[in-house]
Amino acid sequence: MSNTDVVAEVRAGTKRYPGVTALSDVDFTVRRGEVRALLGKNGAGKSTLIKVLSGAEHLDSGEAFVRGRPLAGLGTRDVAGLGVATVYQELSLVPDMTVAENLFLGAWPRSRGAIDLRRMRAEAREAMARIGVHLDVDSPVDSLGSAGQQLVEIARAVGQRPALLILDEPTSSLAAAEVRQVIDAVRHVAEQGVAVIYVSHRMDEIRQVADTATVVRDGRIVETLPVGTASTQEIVTMMLGTAPDALAPRARRPSAERPVLSARGLVSEKLHGLDLDVRPGEILGIAGVLGSGRTEALRALVGLDRPDAGEIRLRGEAVRPGAFAAMLRRGLGITPENRRRQGIVPLLGVDENIVISDLRRVSRSGVLDRRAVRRAAQTLIDRLAIKTARPGTPIGTLSGGNQQKAVLARWLHAGSDVLLLDEPTRGVDVEAKRQIYHQMRELADDGRAVVFVSSEVEELADICDRIVVLRGGRAVAELSGDEIELNRVLALAIAEE
Amino acid sequence: MSTTTPTGPPVASTPARAGGRLGRNTQRLNEIGLIGAIVVLFVVLAATAPGFLTVTNQLAILRDAATVGVVAWAMTLVIVAGEIDISIGPAVAFSSVLLAKASGEWQVPFALAVLLCLAVGLLLGAGAGFLRARWGIPSFVATLGLWSGLRGLAQYMTDGLPVPLEPNGFLDVLAGSIAGIPTPAIIMAVLFGVFLFVANRTAYGRSVFAVGGNAEAARLAGISVARIRVILFATTGLLAAVSGLLLAARLGSGNGGASVGLEFDVIAAVVIGGTSLAGGKGSLLGTLLGVAFITFIGNGLVLLGVNAFFQDVVRGVIIVGAVLINVLLSHRKGAP
Amino acid sequence: MSTTTPTGPPVASTPARAGGRLGRNTQRLNEIGLIGAIVVLFVVLAATAPGFLTVTNQLAILRDAATVGVVAWAMTLVIVAGEIDISIGPAVAFSSVLLAKASGEWQVPFALAVLLCLAVGLLLGAGAGFLRARWGIPSFVATLGLWSGLRGLAQYMTDGLPVPLEPNGFLDVLAGSIAGIPTPAIIMAVLFGVFLFVANRTAYGRSVFAVGGNAEAARLAGISVARIRVILFATTGLLAAVSGLLLAARLGSGNGGASVGLEFDVIAAVVIGGTSLAGGKGSLLGTLLGVAFITFIGNGLVLLGVNAFFQDVVRGVIIVGAVLINVLLSHRKGAP
Amino acid sequence: GQSAGSGDASGEKAQLRVGAIYLDSQGFYAGVKKGIETTAAKDANLKLLGNNAQGDAAKESSFMSTLVASKVDAIITSAVSATASTPAIAAASKAGIPVVCYNTCINDADARKYVWGYVLSDPYVFGKKLGEQAGKYFTSQQIDKPKIAVLNCDFVEVCKERKRGFKDGLAAAVPGAQYVADQEGAVVDKATPVAENIITANPELDAFYAVAGGGTLAGIKAVTTRARIGKTVVFGSDMTVDIAKALVDGSILKAEIDVPAQTVGKLAYEAARKATGGAKNDTFIIPVEPILYTADDKATSEKWLTEHSDGIP
Ligand SMILES: Nc1ncnc2c1ncn2[C@@H]1O[C@H](COP(=O)(O)OP(=O)(O)OP(=O)(O)O)[C@@H](O)[C@H]1O
Ligand SMILES: Nc1ncnc2c1ncn2[C@@H]1O[C@H](COP(=O)(O)OP(=O)(O)OP(=O)(O)O)[C@@H](O)[C@H]1O
Ligand SMILES: [Mg+2]
Ligand SMILES: [Mg+2]
């Protein structure tokens, strides 16, 4: 460790979980002022490497160091003391506590045994300001929405004035404007000499933020290379181990059929007179910044929320708002934006997670037919290329992308013909994304209606036949066919009222 | 809230491990461990407790097992769904009182009185389930209300006195045996079969597991979570009523003060059987073993002449010990 | 319990909305609602229950409140942390027995006997906490073990008989009044101040809320979740021991059979006070009001001469009713 | 030498096994238990299987069937209820196991069919004796319309009989007695606040009548804390050390009625022993006289205290 620039290092690190080797013989070094991207498919071992460096997990063999100190036997708190600050992939905030309290979680400023509330607030404001964010430090974090929460986490990490800042997919729930904010903050911090490890599945973002990238595959380091010189194609090939398949065919052919589902004048807390038409045979993209009401729109359409005003028609018939079960019976399906919290039942098998949307289909006179369950699940597992050891493997152990595909498979099993997909590609690796795009396209070709909500405008622009832009709970623009162009969509979404 | 709840198993240093992948193996392991414990217990009691091995005593054990077992099947599903029902003891006592009052004082025809008991049990349970499902009142609180209210009502209606039942053929059968096997044990066995089937082979049963594993996901997948919850508590209510009928038959009367603390025996049997109070996993086979374990211990302690008060100490130690061993077993399995 | 309890306002049509954002307002609203209920109750009792308004009765109410209140402060934090402790009643009885046995039969000097009681209470609680923290045994199970074991032990040690205490100055003060205010009430008030401060202004207190709100986040932030959990149960154990001393002083003896069901009164007070069994939120002020509410009702029912059995029915209805109103209030507030 | 097969009647019996069931955890049963155990200690090669039904007919029935199934030689029990305990006792009798009741038993007709003997102190007489003593007290104090509050234990049938006896006994001497409250007060910790509240609601209260030991203590406590000494008195039931001391003190507790528990235990065990030997019992009832202690007769109370120095009544 002669080189004083080295902030963190792993030598021949191996980490096993029951049944998986998450890291295998990994050598990894990161230096002062460097922003290092970690790239790899879901389950490649990125988060594990990060947990090792933050003291949340320990290597089975090999050594890890931070600023020359071996980490063996140290806990998260000790490692934080060495100057490591981490933003984990899963949000780690306490929802009912205020922004200020969360910023100093476990290390509240104290004077004479009591928490010094005034100092805490002041320092909280300061910490937020450091990354250019201004939030009410007294509001409970769960009133913030996921963007705000993510920014609080970043502010918390940066506020510790770390030597090493680790960000595990900090932007997966953010849209363009907020991503910009995060990138600026990270660059700003790096310029002050902090080493940064940055995980993301979005290549364009990596190019903006990182100097170098380490590609991880199946727990091994494939290569570390400067971001500037490598092409995306090259990097993706390294991640996958093979050349990537072609992107989903761009159809760009808005459907001319009559809308299967339409909304007029929906009003709720976040919707302010939304009109929307969903047509069979096309992929309808919904773009918009955070909080523009995309999730609410889907929830209202499928009957999960009851809007205060407005009308929803399904195949021309007015439907009772809020009748979720009836809407499902009539062919709607929704995949929620938070897969882990709202999508999967972790302890149940992949098969049961799929057929759960319609158990009658695999029952005979009220009795579940095990073989029918297996057959139905296997068909969909094959069709969507879900990687699982057995159909009965608990879904909680699958990688995010595969979980997402299983949640999607649910509605194929139920035979739904209107699919509302809320951020189906969030936190999903390139390969799985491609497969999901292909599925969406196939469904549209099959005459079904697909509604695709995504915060990644790039992918909307790439694969949608028609895009509706939401702003302030209203549809402000619609692009179809060749009008669809990345910059135009971006501009429309971000434009001020 | 929402953002928070770590779905996984609660604690310990390795939160992820106990979870999914091993779920099923761990379950099996736990059952094997329990079978081992029961065999040891059986051998020890056979050697030390005079009269333990006799046929009559084994039949008596079967009869006693039904006291806990009948309700324990329904409780297993309640706990798998992440809920709890602490109203069992009072519900059983209340049902026995209702039968005696209805068929006696209120002159309801006996068959109708039996149906009334079952219907009331079902409705009371469904009521608690409704409070949980519709208004989100924690099931601990909803059933605590029943716990207090039903005990009070049962005692109030009877002034604390047993209400005699006119003997009749039906009661004699309930209190007696069929082909040498105590009727309660037969009912318990039949219900076990029904619940085993329901839990594993019906849409309802699997939905219970889904709701316990992740209620929000289950709801978004189209499962009527509220309906499931109402049915769950209606079922424990119904089976508590059945237990009440068996009790009334056995005692020849309705007793408002009976079955004190039964809820804890039932919950203990389920938890010893490896069903997690966190919801999402559990098995009826485990509960069956848990019931056997608890019943053997109860019987053995009496036959060994252990001080009555000290029996409670033993029971407390054993409940914690059994759950601890489950946990240790799954940890060992979880280690690399 | 722990991770289990389906978090958040489970159901209803708008799960996202009712959630956290309104947490604090809802809390306040709930407290205002409770104060309203208490005022109404007070006025009704003053008008209908003979002797309710007298100074002696109001002082007696204060004394009674301490029975529930002293432990309720600690229980509030336990429940905020997403745990539960059902061993209170037996722990209180056991502590009273221990004091009487130690200072009498075992001839331990009185001051030492008092310390012994407190230490044993603390250690037993810490033991349950350790089982939870280290091995992930659900706190319901760990404290169920204590519930059964301590009751048995207390009865076993005394053969079910009260163990007389030599009167002494300390006991007289505990059982009596200071400046006209019953000593238990003073102790309760002091402890309330301590807990209010600890909960809101110390790192430990905030850590409890953090653990209850998101244990994994707390762990990652370097909070020693295990330590917090052990301390939580050690605290309830200690305060149950204090309650046991007060009981012994009041009755002049140690009673193994005393305080049956006290745990439910304590939990009910906490829950009525708006603390969520799912963990993460709650307030001591709410619990104070919950204790007041429950004590007024208990006092009023006796003064009104309501049938003892029927009092249980009223209590059951009121517990559920109070929690239901809390829920309805927060729903209304949650609506647009 | 514990052979499991104690069922086989042939050959020499390895061991005599007697089941004993106590009704609940009141002090009285601790006394009975001691009486049974000290008497049984004189028999070699005997195993006593004791259990406590905790006042719960369901638990009692379960213990009973366990004892019957394992073929004990005799059962001593205080039935939880006159009706609800009948099936279990009948089953024991049908299995050829003699049952001896003490203190409480099943209804008379069934008892004579299924029960070998009944060690009994009549609860009605028990209450009546105390009622008569209370009558004497009020007469001597020239209170002709005393306000009385009952601390009852109505969840046990015997208590209702005691109460009826008390009321009859008192009415004979003081027909104007008024019962201003009748609340549950059997366990001392629950009963104490209840008794205090009763004083609040009835500031002019003349006396408590406590139907069980816990209520007696609670009454004494309440009178003390509410500073009613000399104005409100207590008539109590069941003897314990505290109660004996209160009698010696005499300022609050004026009279106490008690069934000598250890005597009951001794008689019950002896009866069971006789029954196992196949003897017949013609009288059925094995009477025990309740003993009345009064504040005026301190010597008897003091004697009780020396005889029960271990605290077990
Ligand atoms: N606690 C755990 N228990 C068991 N297996 C685990 C655990 N954590 C991770 N794994 C497994 O280790 C492997 C690496 O996981 P890791 O989370 O590091 O992947 P990742 O590269 O961060 O993926 P993603 O892009 O989906 O976040 C995966 O196969 C995962 O299933
Ligand atoms: N647990 C939840 N269940 C359902 N909906 C939720 C939940 N949490 C948040 N939401 C909804 O999802 C939104 C998440 O807001 P976020 O800031 O992440 O932007 P978003 O989802 O992209 O917004 P939108 O989809 O409205 O444009 C919140 O406004 C909230 O209404
Ligand atoms: Mg990851
Ligand atoms: Mg959204």
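Chain A is the first sequence line, chain B the second, and so forth, proteins listed ahead of strands; every chain is numbered from 1.
- Note: Arg151(C) CZ to Phe309(B) CZ = 10.5 Å, rounded to the nearest 0.5 Å.
- Residue contact with chain C, scored on non-hydrogen atoms closer than 4.5 Å, is absent for Leu150(B).
- Interface remark: of the candidates Ala142(C), Ser148(C), Ala226(C), Ser148(C) forms the most heavy-atom pairs closer than 4.5 Å to chain B.
- Most heavy-atom pairs under 4.5 Å with chain B: of the set Val313(C), Val141(C), Asn307(C), this distinction falls to Val313(C).
- Residues satisfying the side chain to side chain contact (heavy atoms under 4.5 Å, CB included) test with Val211(B), not counting sequence neighbours, are Ala215(B), Ala218(B), Ile223(B), Val225(B), Ile228(B), Arg229(B).
- Across all non-hydrogen atoms, the minimal contact from Pro138(C) to Val323(B) is CD-CG1, 4.5 Å.
- Here the side chains of Ile84(C) and Phe140(B) are in contact, with some heavy-atom distance below 4.5 Å.
- The interface of residues 254-261 of chain C with chain B, defined by heavy-atom distances below 4.5 Å, is empty.
- Applying the ring pair (Phe, Tyr, Trp, His ring centres under 6.0 Å) criterion to Phe264(C), with sequence neighbours excluded, gives Trp147(B).
- Here Val314(B) pairs with Leu301(B), Phe310(B), Ile318(B) under the side chain to side chain contact (heavy atoms under 4.5 Å, CB included) rule; sequence neighbours left out.
- Interface remark: Ile272(C) contributes no atoms to any contact with chain B (heavy atom separation under 4.5 Å).
- A distance of 5.0 Å separates CH2 in Trp135(C) from CG in Leu328(B), rounded to the nearest 0.5 Å.
- Chain C forms the most heavy-atom pairs under 4.5 Å with one residue out of Val271(B), Leu144(B), Leu153(B), Ile319(B), and that residue is Leu144(B).
- Distance check: Leu324(B) CG to Ile137(C) CD1 gives 4.0 Å after rounding to the nearest 0.5 Å.
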